[in-house]
2 protein chains.
Amino acid sequence: MNETQNQDRLYQDLARRLMGELASGRYAVGDRLPAERELSLTHAVSRPTVREAIIALEVQGLVEVRVGSGAYVRRLPGRDDIPGFGITAFELTEARMMFEGEAAALAASQISDEELGQLDQLVQDIAAENQAPGGSEQADRAFHLAIARAGRNTAVFNTIEALWNLRANSPESALLHAKARTANVKPVVEEHAAIVAALRTRDPAAARAAMRAHLAAVLDYLLFATEEQAIAAARREIDAKRRRYAGTAG
Amino acid sequence: MNETQNQDRLYQDLARRLMGELASGRYAVGDRLPAERELSLTHAVSRPTVREAIIALEVQGLVEVRVGSGAYVRRLPGRDDIPGFGITAFELTEARMMFEGEAAALAASQISDEELGQLDQLVQDIAAENQAPGGSEQADRAFHLAIARAGRNTAVFNTIEALWNLRANSPESALLHAKARTANVKPVVEEHAAIVAALRTRDPAAARAAMRAHLAAVLDYLLFATEEQAIAAARREIDAKRRRYAGTAG
DNA sequence: TCCGAAAACCGGCCTGACCAATTGCATTCA
DNA sequence: TGAATGCAATTGGTCAGGCCGGTTTTCGGA
């Protein structure tokens, strides 16, 4: 048993364990959870703590509490609770290529001169950010969201923003991106500048093409980074085998 | 005082009130909430209840609790808590036109014969659904999500699904769509069939065009429905004025 | 003026208790 | 025999009070 990686409060620990039991299929939708008093015994915590944990589940819509009856499973925890789960960096980037391309096309017909100026500034910020060691992706994110915002469509903006949040939540994705970014500073800046230039012409097709080109390049970087990773892994494996059989051969 | 519309538990009532105070701008991000003991006095509840309410806010990411220090505002309740809030039916449909068009293009290069067969069936379901009085949009939703799924990209599928959920959450949107749908049964079925036909050719550009054409038509329906609504509203207003001034004139 | 220790404050968690809603079972009546 | 009724056990709802350990503030000494 991984007895409670601490640092959280007890109720969070309990809530996580209960969520795990839900995810494990131990309970079906509609089933009743054990009573609060019973849970407090089986999990060795007080009833108030059990209540807090159940409330945490309730707020997330996982269970429904009926007075005098019990807590019932309303839905099972799924990918909604783990945004980005099961999504690879490639899928995410492909989705961004498709959707941000359209967002850029929309922005081309709506963007103001002031917003174009802000994008110019953001391109410079990206350049600075990429040269700094261990730089963040703050400016990069701001750049893409500014374009999405320029389309003047809340649904579009929310969608693009959600994709970026997804990216932050996916550890695999973040790692790959960081790796890919370090090697290719100049191209990234040029691509972003090209997007701004296309937007400045107010040509939707050109803006779409520039954005897609940029993200297609990102996709390439990712591929490259993955290959390197795969090669390194393969090399390690071969070395291990070599060592293992060294005794046999000698 | 709106003394507690009951039926919920106390903690929910308190949590709602606290959320209201956050929304009212009384606290800024980073501010500290009153201490638990203080809240229990000012709101006339026990400390456990206050704790439960604060946990409800914490689970939603609204506040962050620091041991020995207090509960701090992490973000203000906004559109994140009411998905679809502030998004008009037009924005949503425009976003769908852009994004589902791309999803259809992706699907064209990935879809299997079996999936094409399922789409054929769904087109028939949509026809049946639209003829039934007060029919739902179940088949319509299933049709569009099936196409999104056929692209074999989880991020893309999740995005399209999120847009459909948004649609369900927006009352204004649902109303308008219901109104628009009743008047135009045949075209809708034909448009869906055309999308399947385009997918069957495996031509991304054709699939994109068919999907965009369909949603552009939906946009037109919406416009029409809105105009009718606006005209009716204007007529009511004129009538009201007429009645108001009838006494003056007579 | 600066620093460190004590005190005040704050959340974390527990015990024990009582109330109200629900539910299941046994009793009772038709 | 079957349905209606009433009671008791179970369950969540809430409270009071208390102790602990971490954080912040304060105040006196260096």
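Note on naming: letters A, B, ... go to the chains in the order of the sequence lines (proteins, then strands), and numbering restarts at 1 for each one.
A heavy-atom distance below 4.0 Å to DNA chain D is reached by these residues of residues 48-57 of chain B, ordered by number: B/T49. DNA chain D is contacted by A/R32, A/A35, A/E36, A/R37 of residues 32-44 of chain A, taking any non-hydrogen atom closer than 4.0 Å.
Here D/dG13 presents its C1' atom at 12 Å from CD of A/E58, a figure rounded to the nearest Å. One atom, CZ of B/R47, and another, C1' of C/dT15, lie 14 Å apart when rounded to the nearest Å. With rounding to whole Å, B/Y72 atom OH is found 11 Å from C/dG11 atom C1'. A/E64 places its CD atom 12 Å from the P atom of D/dG13, with the value rounded to the nearest Å. Rounding to whole angstrom units, CZ of residue A/R9 and P of C/dC13 are separated by 7 Å.
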For the pair A/E94 and A/R96, evaluate salt bridge (Lys or Arg N to Asp or Glu O under 4.0 Å) and give the outcome as yes or no after the intermediate values.
CA-CA 5 Å; A/E94 184 182 43; A/R96 285 183 52 210; over 6 Å; no
Stepwise side chain to side chain contact (heavy atoms under 4.5 Å, CB included) test for A/D13 and A/R9
CA-CA 7 Å; A/D13 203 55; A/R9 289 174 294 164; over 6 Å; no
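Just one residue in the list A/E58, A/E52, A/R51 forms a side chain to side chain donor-acceptor pair (under 3.5 Å) with B/Y11, and that residue is A/E58.
A side-chain donor-acceptor contact under 3.5 Å links A/S112 and A/E115. Under 3.5 Å, the side chains of A/Q121 and A/D125 contain a donor-acceptor pair of N or O atoms.
Contact record, B/L22 with B/L76: O-CD2, 3.7 Å, taken as the closest heavy-atom pair. For the residue pair B/R75 and B/Q60, the shortest heavy atom distance occurs at NH2-O, 2.9 Å.
To the nearest 0.5 Å, atoms CZ (A/R17) and OG (A/S24) are separated by 13.5 Å.
Positionally, the nearest nucleotide of DNA chain C for B/R66 lies more toward the 5' end than for the other of B/R66 and A/S69.
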